[in-house]
Amino acid sequence: MNERDSEAVAAMLRNKGYCIVDNEADADIILLNTCSVRDQAEQKAIGKAGFLLHRRKEKNPNFILGIMGCMAQTRGEELVDRLPDIDLIIGTQKFHQVPDHLDNIITTLKAQGPRPSTIIDIEEELGSQNTIREHTPNQKKVSAFVSIMQGCNMNCTYCIVPQTRGAERSRSIEHIVEEVHELAANGTREINLLGQIVTSYGRREIPTKNGKSPFVQLIEAINAIPGIERIRFTSPHPRGFKQDLIEAFRDIPKLCEYVHLPLQSGSNRILKAMNRPYTVERFQQIIDDLRTMVPTMHFSTDIIVGFPGETEEDFEQTRTVFDSIGFDMAYIFKYSPRSGTEAEKMLDPIPQELKETRNQILLDILHKHSLRRNQESVDTIEEVLLEGPAKKGENMFTGRTRGYRKVILTGAERLIGELVPVSITHVTISALYGELVLSGVNA
């Protein structure tokens, strides 16, 4: 989500005549887009801002620094107390205002008067969900993020997102389809639909049609767009997996057989304490139903270890469920309290050492299942969307399977953006390695 927001702001700035540079040392203006999901992320952002103010403003008084996003939204004026020389603080519903605010700051600086006070713009704005649609002009992106909604109504006890992103607001299907048509015309082949709870798209705003939720209606509309070959989405909520969405993986050809489905805990007692409105049994049923529809389905998940009150029995239940499902990939987090959340009141009684131990146990299980699943691909042919050059190796390129597995292969630049058959020769825990199947491919 932050990556998409940053891209949209950069595109807006380009359209206003600003030049985006590759090296921050060359920049006259630096905007830090921030995250508040974990305290560590906020501390890193504050540290980075302090370093820039000390290093750059002393040498260039007209250097401009802004903080955007979730930390700006939650901390607001508090950031001015910590960073008195900051120029701009922009909340999550005000990204589209950045170019105008910068124009005003620059105009004031050129007037040679006193330096303007910090601009703080963090108020809610009606219709802000419709403003994150700009993409980098004249730049082909094989895969593109498309923001379809903002906000979250779930109120999980550990999560600060409802405070930073506000209530759920959805864009219209027509508005989104228009954006995807433009991306397809510029060479995009894969669309990744974004939302805090993406499966809540259009709820209470767009009516169900022929038994299909607004989200499934949107996927069907994008499936019909020429040039788009793959559709993904993130992040969903287990509550959003009704039968229409489960059947969509079978019935909509471009919807890839990969789901990121956050479990968070394998203990029903902890799920209740987290205010997660499902049980482990319901979660397992969703997994089973999806595998029945598409036996080759790939799954990733989120897990929090060390949530307040998590006993050895609770963790053992999590370990058992995590192992039995056999996720292909997972983000495993050690719980840390967030200011202003309900879970903060529960304090943080689980020792850090115990969190580390539980985290490592799950990582070991994950590595086992990731390697096993990858090994099943050896000596098979996978359809790979070639995305671009690999980080290492001459003439090496990287792409993704429909199941979102990373593939590294020898290729050619002219094949970027193409769906190519790849014979998988060997694997690691994190990647597949293969060779182009030359039949039908002009390598």
Side-chain angles (χ1 to χ4, degrees), residues 1-2 34-45 47 70-71 154 156-161 196 234-238 258-276 278-280 283-284 287 298-339 341-375 404-406 427-431:
M1 185 67 71
N2 285 356
T34 59
C35 175
S36 289
V37 170
R38 289 184 287 175
D39 182 66
Q40 182 183 19
E42 288 197 354
Q43 296 309 316
K44 286 175 65 176
C70 291
M71 186 178 74
M154 294 306 300
C156 301
T157 58
Y158 54 82
C159 185
I160 200 170
V161 167
Q196 267 72 37
T234 197
S235 281
H237 191 286
Y258 164 77
V259 173
H260 180 76
L261 193 59
L263 172 61
Q264 306 300 5
S265 175
S267 162
N268 284 332
R269 190 181 74 84
I270 295 298
L271 287 175
K272 185 175 182 180
M274 291 176 167
N275 196 32
R276 300 286 289 180
Y278 56 87
T279 63
V280 173
F283 187 94
Q284 181 69 66
I287 296 285
H298 290 252
F299 293 98
S300 61
T301 196
D302 296 332
I303 298 285
I304 298 173
V305 298
F307 187 81
E310 182 185 67
T311 64
E312 287 296 335
E313 181 181 0
D314 293 321
F315 176 71
E316 178 59 23
Q317 291 171 0
T318 296
R319 187 202 66 77
T320 300
V321 173
F322 188 75
D323 194 12
S324 66
I325 290 175
F327 293 100
D328 301 284
M329 202 275 284
Y331 298 98
I332 304 171
F333 301 97
K334 298 179 286 290
Y335 173 78
S336 61
R338 301 303 297 119
S339 178
T341 63
E342 285 298 311
E344 183 189 25
K345 302 173 185 177
M346 306 175 194
L347 305 180
D348 189 17
I350 309 297
Q352 185 66 21
E353 296 79 8
L354 186 54
K355 293 178 186 177
E356 295 282 356
T357 298
R358 293 174 178 177
N359 184 79
Q360 190 59 52
I361 289 170
L362 296 187
L363 283 175
D364 291 342
I365 293 171
L366 175 63
H367 292 166
K368 175 184 70 174
H369 287 295
S370 293
L371 183 59
R372 172 193 56 78
R373 186 67 186 270
N374 284 353
Q375 287 172 335
Y404 205 60
R405 306 310 290 171
K406 183 179 180 180
V427 301
T428 64
I429 289 174
S430 59

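None of these values were measured; they are calculated from a predicted model.
For the pair E344 and S339, the minimum side-chain heavy-atom distance is below 4.5 Å. Proximity of R319 to I361: side-chain heavy atoms (C-beta onward) are separated by under 4.5 Å at one or more points.
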* Assess whether side chain to side chain contact (heavy atoms under 4.5 Å, CB included) is satisfied between T234 and M1, documenting all intermediate values. => CA-CA 9 Å; T234 197; M1 185 67 71; over 6 Å; no
* Asked: What do the steps show when you test T318 against V305 for side chain to side chain contact (heavy atoms under 4.5 Å, CB included), and what is the final call?
  -> CA-CA 9 Å; T318 296; V305 298; 5.7 Å; no
* Check the pair R276, S265 against side chain to side chain contact (heavy atoms under 4.5 Å, CB included), reporting the backbone distance first and the verdict last. => CA-CA 9 Å; R276 300 286 289 180; S265 175; over 6 Å; no
* Asked: Please walk me through it: do H298 and R405 pass side chain to side chain donor-acceptor pair (under 3.5 Å)?
  -> CA-CA 9 Å; H298 290 252; R405 306 310 290 171; 4.8 Å; no
* Asked: Between Q360 and L363, is a side chain to side chain contact (heavy atoms under 4.5 Å, CB included) present by the stated rule, with each step listed?
  -> CA-CA 5 Å; Q360 190 59 52; L363 283 175; 4.0 Å; yes
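Under 4.0 Å is where a charged nitrogen must lie from a carboxylate oxygen, and between K355 and E310 no such pair does.
When atom types are taken as modelled, the side chain of T341 and the backbone of C159 share no donor-acceptor pair closer than 3.5 angstrom. With hydrogens and angles ignored, the 3.5 Å screen pairs a side-chain donor or acceptor of T301 with a backbone N or O of L263. Between the side chain of N268 and the main chain of V280, a donor-acceptor pair closer than 3.5 Å is present.
Across all non-hydrogen atoms, the minimal contact from C70 to S36 is C-OG, 3.4 Å. Closest approach of A45 to T34, counting heavy atoms only: CB-CG2, 3.7 Å. For the residue pair P308 and M346, the shortest heavy atom distance occurs at CB-CB, 3.7 Å. The shortest heavy-atom contact between R269 and G309 is NH2-O, 2.6 Å. In terms of heavy atoms, Q284 sits closest to S324 at OE1-OG, 4.2 Å. Residues N374 and T428 share a closest heavy-atom pair of ND2-O, 2.8 Å.
S300 and Y331 share no side-chain donor-acceptor pair at under 3.5 Å. Judged purely by distance below 3.5 Å, without hydrogens or angles, the side chains of D314 and T311 pair a donor atom with an acceptor atom. Looking only at atom types and distance, the side chain of Q264 has a donor-acceptor partner in the side chain of Y158 under 3.5 Å away.
Atoms CD1 and CD1, from I365 and I332 in turn, are 8.5 Å apart once rounded to the nearest 0.5 Å. From R358, atom CZ reaches atom CD of E353 across 12.0 Å, with rounding to the nearest 0.5 Å. A distance of 4.5 Å separates CZ of R373 from CG of D328, quoted to the nearest 0.5 Å. Taken to the nearest 0.5 Å, the NZ atom of K334 stands 10.5 Å off from the OG1 atom of T357. Rounding to the nearest 0.5 angstrom, the gap separating the CD1 atom in I429 from the CZ atom in R372 is 13.0 Å. Rounding to the nearest 0.5 Å places CZ of F322 at 6.0 Å from CD1 of I303.
Ring planes of Y278 and F283: tilted class, angle from 30 to 60°.
Other residues, nucleotides and ligands contribute more than 12 heavy atoms inside 6.0 Å of the NZ atom of K368.
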